[in-house]
Amino acid sequence: MSVTENKNVRVRFAPSPTGALHIGGGHTALFNWLWARHTGGKFILRIEDTDLVRSTKEYEQTIMSGMKWLGLDWDEGVDIGGDYGPYRQSERLDLYKKYAEQLLDEGKAYKDGEAIIFKTEPGQDISFDDIVYGRVEVNSDGLREKDSDKLKDIVIIKSDGMPTYNYAVVVDDHLMQISHVIRGEDHISNTPKQILLYRALNWEVPTFAHLPMILGRDKKKLSKRHGATSIYEYRDMGYMPDSVFNFLALLGWSAGDDKEIFTRSEAADLFELSKVARRPAVFDFDKLNYINQEHLKRLEPLTRLNMVAPFWGEAGLDVEAVKNSRGEKWLADALTLMAGRGRTAKEMAEFSDYFVSFEPVKQRWNADELDKDKLKKFYEFVFAAKDFKASELEELARKWVEENGVKMKDYAMPLRYALTGMKVSPGIFEVAEHLGREECEKRLKFFGLL
RNA sequence: GGUCCCAUCGUCUAGAGGCCUAGGACACAGCCCUUUCAAGGCUGCGGCGCGGGUUCGAAUCCCGCUGGGACCGCCA
């Protein structure tokens with residue numbers, strides 16, 4: 001364990017349930033999780049549902065299952081409780097009211113309409129030290145209204161009785177004894193306002209660590225118009241949780257020693273907040289694809305099968321039937337044969353559908369253009385193989401090719417097409433062995449090649 | 001308009017004043033292997049935004065400029 005081990009570390013991810021877990025939120029949650037797991041501290045999930053209009057319980061669930069999908073587990077939260085609950089802001093209204101009234105009594109806040117507003121005093125130095133960004137110099141004189149030189153007071157309780165973000169976050173982070181506030185860089189300019197509140201309440205200010213933003217290809221903050229932003233869209237495209245985790249961890253952080261492919265626990269061991277980068281990172285699909293491919297390669301055969309099988313199903317193939325007839329292991333081994341072909345589970349499923357069914361092969365290819373009689377002799381010779389092993393098939397094929405003075409290519413490719421319907425596949429004799437003599441003969445006969 | 005932040009290959013990054021002729025990865029290009037590539041191996045292309053300082057020495061420190069971004073909501 002490293003020197004940064006500290007059981008008193010308490011961090012939180014505090015999403016508002018107004019949409020699915022998106023890439024940016026996942027990134028923030030991930031870095032909080034990494035810090036908690038690295039230090040042996042606690043990771044808390046708090047729901048910030050003070051926007052009555054947009055918050056729903058459904059989104060709350062979606063966000064939680066999104067986090068679970070990513071492999072981020074939490075130690076305290078709405079679903080599992082904890083010593084600092086409730087963990088839903090809408091259930092903590094009395095707390096916000098209590099401290100708002102205190103500020104009112106002390107003359108630090110005033111009422112306007114039904115709202116309670118904290119008075120911003122001019123000339124306050126509200127600089128802070130950020131673990132990632134270093135010293136951030138701010139003076140309260142800079143807290144102005146837009147297009148005006150008027151000082152901006154801070155609304156803490158809205159007219160509907162709900163606390164505002166900047167206020168609730170302070171009350172909750174203090175009461176929940178959050179040690180490190182780890183969040184997106186877009187919050188860096190909210191921090192001084194919160195510091196003012198901490199001071200007015202006479203509370204200790206937590207340590208801040210802001211994370212670089214994630215940008216789209218156009219270098220603008222990642223948003224819906226960049227395409228997939230919800231974590232679940234990545235699952236549906238065939239990316240695996242391990243990969244998305246790995247990829248997100250690499251946005252703004254590096255594990256050192258040029259280590260780019262890692263597991264959650266490896267990342268947790270190596271993670272350091274102080275090593276987080278400041279510059280915003282562009283979301284790069286090419287890199288995600290690569291990382292996913294690497295994880296796909298490293299998966300246990302049965303686990304890989306479980307990742308890929310749904311996409312065969314999606315393509316209309318009866319995976320269950322094959323599992324029943326040839327067994328799960330046979331299918332898993334077929335994917336092992338794919339040896340890294342395919343960057344996503346979906347691609348791997350597309351590239352290997354001929355193992356599940358002959359139907360797609362029939363649809364993709366026909367032998368009309370071929371000199372069938374010539375090929376038949378070759379296949380008859382090769383298929384005389386006693387054990388139908390790849391090495392044996394290849395040996396016979398080579399022998400025949402040599403004796404007849406022809407090119408292997410001209411005979412192996414038609415075989416590849418007849419068995420897979422594709423131009424590309426693993427070694428075709430290996431594919432043949434795995435498919436088995438019976439199935440291969442069936443396919444060749446269908447095309448009139450045997 | 002104001003405040004704050006950022007700045008190394010196209011992209012993710014390493015780099016804490018000499019280990020830097022700037023390292024790795026992705027992408028791209030080429031070559032090799034070969035029954036195919038979407039697998040594997042090798043090679044290449046490509047970057048410290050600009051200008052001033054400080055220093056014997058700067059990608060690293062300071063200032064300015066330029067360029068990007070975030071925030072300035074009774075959203076979070």
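In this text, all values refer to a predicted model and were calculated from it rather than measured experimentally. Just so it is clear: chains get the letters A, B, ... in the order the sequence lines come, proteins before strands, and each one is counted from 1.
Atom C1' of nucleotide rA7(B) and atom OH of Tyr133(A) are separated by 12 Å, given to the nearest angstrom. The OH atom of Tyr290(A) sits 5 Å away from the P atom of rC26(B) (whole-angstrom rounding). Spacing between atom CZ of Phe378(A) and atom C1' of rU35(B) amounts to 9 Å, rounded to whole angstrom units. Rounded to a whole Å, the CZ atom of Arg278(A) is 20 Å from the P atom of rC48(B). rC12(B) atom C1' lies 17 Å from atom NZ of Lys259(A), rounded to whole Å. Protein atom CZ of Phe128(A) is 16 Å distant from nucleotide atom P of rU3(B), rounded to whole Å. Rounded to whole Å, atom P of rC62(B) lies 13 Å from atom CD of Glu137(A). Counting to the nearest Å, the C1' atom of rU35(B) and the OH atom of Tyr411(A) are 13 Å from each other.
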N/O-N/O pairs, protein side and nucleotides 30-32 of chain B side, under 3.5 Å:
none

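When only modelled atom types and interatomic distance are considered, Asp172(A) and Tyr96(A) share a side-chain donor-acceptor pair under 3.5 Å. Inspection of the Ser90(A) and Asp49(A) side chains reveals an N or O donor paired with an N or O acceptor under 3.5 Å.
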In a table with atom names and distances, give each donor-acceptor pair under 3.5 Å that connects a side chain of residues 109-124 of chain A to protein atoms at least two apart or in another chain.
| residue | atom | partner | partner atom | Å |
| --- | --- | --- | --- | --- |
| Tyr110(A) | OH | Asp153(A) | OD2 | 2.7 |
| Thr120(A) | OG1 | Lys152(A) | O | 2.8 |

Contact letters for nucleotides 36-44 of chain B, in which S counts primed atoms plus P, OP1 and OP2 and B counts the base, heavy atoms under 4.0 Å: BBBSS----
Sugar-phosphate or base contact per nucleotide [nucleotides 64-76 of chain B; S, B, -; heavy atom under 4.0 Å]: -----SSSBSBBB
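Comparing rG17(B) with rU3(B), their C1' atoms are spaced 33 Å from each other, to the whole Å.
Using the Watson-Crick or G-U wobble rule with both distances under 3.5 Å, rA39(B) pairs with nothing in any strand shown.
A salt bridge does not link Arg88(A) to Glu48(A): none of the charged side-chain nitrogens sits closer than 4.0 Å to a carboxylate oxygen.
Between Ser254(A) and Arg135(A), the residue anchored closer to the 5' end of RNA chain B is Arg135(A), taking for each the nucleotide with the nearest heavy atom.
The stretch residues 395-416 of chain A participates, sequence neighbours left out, in these side chain to side chain donor-acceptor pair (under 3.5 Å) pairs: Glu394(A)-Arg398(A), Arg416(A)-Ser425(A).
Of all nucleotides listed (rU11(B), rU13(B), rC12(B)), rU11(B) comes nearest to the side chain of Arg217(A).
Every residue two or more places apart in sequence or in another chain that forms a side chain to side chain contact (heavy atoms under 4.5 Å, CB included) with Pro86(A) is listed here: Glu91(A), Arg92(A).
Screening Trp365(A), Phe447(A), Tyr354(A) against Tyr417(A) for a ring-ring contact (aromatic ring centres under 6.0 Å, His included) leaves a single residue, Trp365(A).
Scanning all heavy atoms of the two residues, the minimum distance from Phe262(A) to Asn246(A) falls at N-OD1, 2.9 Å.
Aromatic ring orientation, Tyr198(A) versus Phe208(A): perpendicular (interplanar angle above 60°, classes split at 30° and 60°).
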